[in-house]
Amino acid sequence: MTVFEESSIRINTMLIIKRNLAMAENAEPKVCGIVMPISSIDGCAEAHWSEVLEIINEAIDDAGFEGNLVSNADEVGIIHKRIIQNLYDNPVVVCDVSCKNPNVMFELGLRLAFDKPTIIIKDDETSYSFDTSAIEHLEYPRDLRFSQIVEFKQKLSEKIKATFKKATTDQNYTTFLKHFGEFKVAKLEQREVSGQEYILEELKSLRRSVQRMDRTRMSKSYFREHLDRDIDICLGHGDKPELKEMMSMLISHPALRNVGIAEMDEDHHHFFADVKPEFPVEIIQEEVESLIGRNSSKMARKRAIKREAKNG
């Protein structure tokens, strides 16, 4: 069992006890949903997020609410359905966008599309995202420095109480969506759609955004991982059925090793490979370029020349 899972179990146990006490007093418990990273990302280990979760829960407790990860539920079911249901039902949600985890950003987008009370927090090393920069973010130190964390918990607790009060007493309250009502967009005013259709369109749009973020991360990872490859050829955009046959031939090429294709962007691929030490790099480069019908990148060509000069 991981550190984060142990912390989550402790918190869920406390949540069940509180609910039982509230039911005994005939009071309906107020749940504050939590959206946050739970696994290692950007140098922050799972144990770090476990500590952050406890800090958030302490602030929620001080505000008189019960903290609950939106992925948690009393019953067993499909996790995605559970998350969407909690994102819609929870009276208040605290969302930690630190490290810009794609799943977190997707769930934040859903919550904002529902136009429900949302509080965004982030650590002091995470930059603002353009689309949500207009919404106030409460900030905490990534190193979880005690003195600043005490102040942060107090601010978060007060913000939860104030947000819930405003949302339940002000009919015009909005976290995000209704701020754009003053813009007169004919299509939005003239076309009526069902709530289900609107949510499905929002889900598709958000999913595309998350996929773009994932591809950007993959591109950066590819650049770091394949920076020193002998052969790096852009294959362009679009589907190329002939590549499958070509790849099987290149994989079995006696002079090549570490052969592969990486997706840089949607329908944008690069072919990469290393030339075995006993073969001349420039000659093999030209042979592969001739087979594929495209030239290697300038960086790969420079590396080949340097290697030939070194070996020569």
Side-chain angles (χ1 to χ4, degrees), residues 1-19 21-22 29-72 83 86-87 90-108 111-112 116-129 132-167 175:
M1 184 179 294
T2 66
V3 175
F4 195 91
E5 287 172 335
E6 289 176 355
S7 177
S8 183
I9 289 171
R10 288 199 305 272
I11 291 164
N12 286 340
T13 303
M14 292 172 61
L15 177 61
I16 292 169
I17 293 171
K18 283 187 176 183
R19 283 181 177 173
L21 290 171
K30 293 179 293 184
V31 176
C32 178
I34 302 171
V35 176
M36 63 176 293
I38 60 174
S39 57
S40 300
I41 183 174
D42 196 23
C44 296
E46 190 177 308
H48 170 83
W49 299 118
S50 178
E51 290 183 57
V52 173
L53 177 60
E54 293 200 24
I55 290 166
I56 294 171
N57 268 292
E58 287 172 10
I60 292 172
D61 286 344
D62 292 342
F65 286 74
E66 298 169 353
N68 186 42
L69 286 165
V70 296
S71 56
N72 289 340
I83 290 171
N86 286 335
L87 285 171
N90 290 166
V92 182
V93 165
V94 173
C95 182
D96 188 346
V97 297
S98 300
C99 302
K100 297 185 181 180
N101 178 288
N103 290 331
V104 170
M105 302 305 288
F106 178 71
E107 290 166 20
L108 171 62
R111 180 70 179 186
L112 295 178
K116 298 294 187 79
T118 309
I119 299 163
I120 302 178
I121 65 174
K122 73 176 189 68
D123 64 33
D124 55 5
E125 294 186 28
T126 300
S127 61
Y128 288 86
S129 296
T132 58
S133 58
I135 304 173
E136 180 188 7
H137 291 50
L138 295 183
E139 199 168 86
Y140 66 87
R142 180 173 286 191
D143 61 9
L144 307 182
R145 203 173 309 116
F146 179 77
S147 58
Q148 293 186 27
I149 287 298
V150 170
E151 183 182 356
F152 165 75
K153 285 197 295 185
Q154 185 177 358
K155 287 182 180 179
L156 178 57
S157 182
E158 292 300 321
K159 185 71 173 177
I160 293 169
K161 289 187 284 188
T163 299
F164 180 74
K165 182 178 180 182
K166 183 77 171 175
T175 297

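The chain is numbered in sequence order, starting from 1.
When the side-chain contact (heavy atoms from CB on, under 4.5 Å) test is applied to Lys166, the partners found at least two apart in sequence or on another chain are Asp170, Tyr173. Residues satisfying the salt bridge (Lys or Arg N to Asp or Glu O under 4.0 Å) criterion with Lys153, sequence neighbours excluded, are Glu58. With sequence neighbours left out, Lys165 forms a side-chain hydrogen bond (donor to acceptor under 3.5 Å, both in side chains) with no residue at all. Looking at residues two or more places apart in sequence or on another chain, you find no side-chain hydrogen bond (donor to acceptor under 3.5 Å, both in side chains) involving Gln154. Listed by chain and residue number, nothing satisfies the salt bridge (Lys or Arg N to Asp or Glu O under 4.0 Å) test with Asp124 (two or more places apart in sequence, or in another chain). By the salt bridge (Lys or Arg N to Asp or Glu O under 4.0 Å) test, Lys155 is found to be paired with Glu151, residues two or more places apart in sequence or in another chain being considered. Residues satisfying the side-chain hydrogen bond (donor to acceptor under 3.5 Å, both in side chains) test with Asn90, not counting sequence neighbours, are none. In this structure Gln148 satisfies the side-chain contact (heavy atoms from CB on, under 4.5 Å) test together with Pro141, Arg145, sequence neighbours excluded. Applying the side-chain hydrogen bond (donor to acceptor under 3.5 Å, both in side chains) rule to Ser127 yields the partners Lys100; only residues at least two apart in sequence or on another chain are considered.
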Check against side-chain contact (heavy atoms from CB on, under 4.5 Å), Leu53 and Leu69
CA-CA 9 Å; Leu53 177 60; Leu69 286 165; 4.2 Å; yes
**Working for side-chain contact (heavy atoms from CB on, under 4.5 Å), residues Val52 and Asp123** = CA-CA 10 Å; Val52 173; Asp123 64 33; over 6 Å; no
Going through the checks in order, is the side-chain contact (heavy atoms from CB on, under 4.5 Å) test met by Ser98 and Tyr140? CA-CA 10 Å; Ser98 300; Tyr140 66 87; 3.1 Å; yes
Let me see the working for Glu107 and Val70 under side-chain contact (heavy atoms from CB on, under 4.5 Å), right down to the final yes or no.
-> CA-CA 9 Å; Glu107 290 166 20; Val70 296; 3.8 Å; yes
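Classified by interplanar angle (parallel below 30°, tilted 30° to 60°, perpendicular above 60°), the ring pair His137/Tyr128 is perpendicular.
Distance CG/Leu108 to CE/Met36: 14.5 Å, rounded to 0.5 Å. One finds the CD1 atom of Ile149 at 5.0 Å from the CG atom of Leu144 (value rounded to the nearest 0.5 Å). Summarising the geometry, atom OG belonging to Ser50 is positioned 10.0 Å from atom CD1 belonging to Ile55; distances are rounded to the nearest 0.5 Å. The distance from the NZ atom of Lys161 to the OG1 atom of Thr163 is 11.5 Å, given to the nearest 0.5 Å. Interatomic distance, Ile119 CD1 to Ile135 CD1, rounded to the nearest 0.5 Å: 11.5 Å. To the nearest 0.5 Å, atom SG of residue Cys99 and atom CE of residue Met105 are 11.5 Å apart.
Of the charged side-chain nitrogens involved, none lies within less than 4.0 Å of a carboxylate oxygen, so that Glu66 and Lys30 do not count as a salt-bridged pair.
Inter-residue side-chain proximity for Asn86 and Val31 is flagged as unmet; no heavy-atom pair is nearer than 4.5 Å. Contact of the Leu87 side chain with the Val35 side chain is registered, since non-hydrogen atoms from C-beta on lie closer than 4.5 Å. Two residues are said to be in side-chain contact when any heavy atoms from C-beta on lie closer than 4.5 Å; Lys116 and Pro91 fail this criterion. Side-chain contact check for Cys44 versus Trp49: some heavy-atom pair is nearer than 4.5 Å.
Contact record, Arg142 with His48: O-CE1, 3.1 Å, taken as the closest heavy-atom pair. Closest heavy-atom contact between Leu156 and Ala59: CD2-CB, 3.7 Å. The two residues Val104 and Cys95 make their nearest non-hydrogen contact at CG1-SG, 3.7 Å.
Here the side chain of Ser157 pairs a donor or acceptor atom with the backbone of Ala63 at under 3.5 angstrom. For the pair Arg111 (side chain) and Pro117 (backbone), a donor-acceptor distance under 3.5 Å is present.
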